[in-house]
Colleague: 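Have a look at the structure that comes next, please.
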Amino acid sequence: MYLPITIFLLVLLTESILFLGFSYITELAYDTFTKITKDAQVTKQKKLKTDILKLKTELSQTSSQDEFAKWAKLRRKLDKGMADLEKLNSDIAYSKAAFELKSKSVLWFLVHGTQFIMIFWFRKSAVFYLPPGWFGPAQRFLSWPFAPAGSVSVAVWFAACRRMIKAVALAMNDFVFVRAAKEKTT
């Protein structure tokens, strides 16, 4: 009885991933990764941003005509800081893109690859057997492609679980939006 529950949980996980979207999950994973690892580039970027903001406020408070030497020195520091920040931003963007590519590959395998492997591995196994005669000629289709006659195959069970989870998600979505719309009107 572990096979139908395993398949249901796998479909629930993959549909949740597809509902949230690969981009959202990878961005969340990258933010979590940078917080956990305390990436030196990200901390340097934050420090550089605060320094630039301080320099900008100090530069705005300095008169370019009355205190030209101080203003020019602050302006050179600000320009150097901005150049360093741009370089650092491009390095961080490159590492983020590499992380997102790897994460999206893992997510793609998790969503599509695991289902393919499960269907291939258990292709001749029955998820469960149906009572004889309940579905008439449709019993042949429920055991498609290689499961024993009179049973439900893994591929059909995947499709049924996916359909049921999507239907429940749509019903919950409609319920939440209808309820929110009613609350707005009252």
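All values below were derived from every heavy atom in this structure, side-chain atoms included, with hydrogens, water molecules and symmetry-related copies excluded. Along the sequence shown, residues are numbered consecutively beginning with 1.
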Colleague: Find out whether Lys46 and Thr50 are in side-chain contact, i.e. whether some heavy atom of one side chain is under 4.5 Å from a heavy atom of the other.
Modeller: no
Colleague: If you define the side chain from C-beta out and look only at heavy atoms, does anything of Lys80 sit under 4.5 Å from Arg76?
Modeller: no
Colleague: Please examine the side chains of Phe99 and Thr26, heavy atoms only from C-beta on, and report whether any two atoms are closer than 4.5 Å.
Modeller: no
Colleague: How many angstroms lie between CG in Leu142 and CZ in Phe128, if you round to the nearest 0.5 Å?
Modeller: 8.5 Å
Colleague: Which heavy atom in Gln41 sits nearest to a heavy atom in Asp91, and how many Å separate them?
Modeller: NE2-CB, 3.7 Å
Colleague: If you measure from CE on Met82 to CG on Asp84, what distance do you get to the nearest 0.5 Å?
Modeller: 11.0 Å
Colleague: Under a 4.0 Å N-O cut-off, is there an ion pair linking Asp31 with Lys35?
Modeller: no
Colleague: Can you tell if the side chain of Phe120 reaches within under 4.5 Å of the side chain of Arg123, non-hydrogen atoms only?
Modeller: yes
Colleague: Got a second to check how far Leu85's CG is from Leu48's CG, nearest 0.5 Å?
Modeller: 5.0 Å
Colleague: I need the minimum non-hydrogen distance between Leu3 and Ala126, along with the two atoms involved.
Modeller: CD2-O, 4.3 Å
Colleague: Are Leu107 and Leu9 connected into the same hydrophobic cluster when the rule is that any two of I, L, V, M, F, W, Y join if their side-chain heavy atoms are below 4.5 Å apart?
Modeller: no
Colleague: Is there side-chain contact between Lys104 and Ser23, with at least one heavy-atom pair below 4.5 Å?
Modeller: yes
Colleague: Taking all atoms of both residues into account, what is the closest heavy-atom pair of Pro148 and Tyr129, and its distance?
Modeller: CG-OH, 3.6 Å
Colleague: Testing the basics here: between Phe122 and Val154, what is the closest heavy-atom pair and its distance to 0.1 Å?
Modeller: O-CG2, 3.3 Å
Colleague: Would a 4.5 Å heavy-atom cut-off, applied to side chains only, mark Leu110 and Leu13 as touching?
Modeller: yes
Colleague: Taking all non-hydrogen atoms of both residues into account, name the closest pair between Ser125 and Ala147 and its distance.
Modeller: O-CB, 3.8 Å
Colleague: So which of Lys54, Lys49, Lys47 actually passes side chain to side chain donor-acceptor pair (under 3.5 Å) with Asp51?
Modeller: Lys47
Colleague: What's the separation between atom CG in Leu10 and atom CD1 in Ile5, rounded to the nearest 0.5 Å?
Modeller: 13.5 Å
Colleague: Identify the two heavy atoms, one from Ile92 and one from Gln45, that lie closest to each other, and give their separation to 0.1 Å.
Modeller: CD1-OE1, 3.5 Å
Colleague: Report the distance from atom CZ of Phe141 to atom OG of Ser153, rounding to the nearest 0.5 Å.
Modeller: 12.5 Å
Colleague: Does Ile17 share a hydrophobic cluster with Ile165, counting links as ILVMFWY side-chain heavy atoms below 4.5 Å and allowing steps through other members?
Modeller: no
Colleague: Rounded to the nearest 0.5 Å, how far does OG of Ser64 lie from NZ of Lys70?
Modeller: 13.0 Å
Colleague: In this structure, is the centre-to-centre distance between the rings of Phe8 and Trp157 below 6.0 Å?
Modeller: no
Colleague: Decide whether Ile119 and Trp121 are clustered together by the hydrophobic rule: side chain heavy atoms of Ile, Leu, Val, Met, Phe, Trp, Tyr closer than 4.5 Å, transitively.
Modeller: yes
Colleague: State yes or no: do Leu18 and Trp108 share one hydrophobic cluster built from I, L, V, M, F, W and Y residues joined by side-chain heavy-atom distances below 4.5 Å, directly or via other members?
Modeller: yes
Colleague: With a 4.5 Å cut-off on side-chain heavy atoms, are Val152 and Trp144 touching?
Modeller: no
Colleague: Kindly work out whether a path of hydrophobic side-chain contacts (I/L/V/M/F/W/Y, heavy atoms less than 4.5 Å apart) joins Phe109 to Leu101.
Modeller: no
Colleague: Kindly indicate whether the side chain of Met118, heavy atoms from C-beta on, has any atom under 4.5 Å from the side chain of Phe158.
Modeller: yes
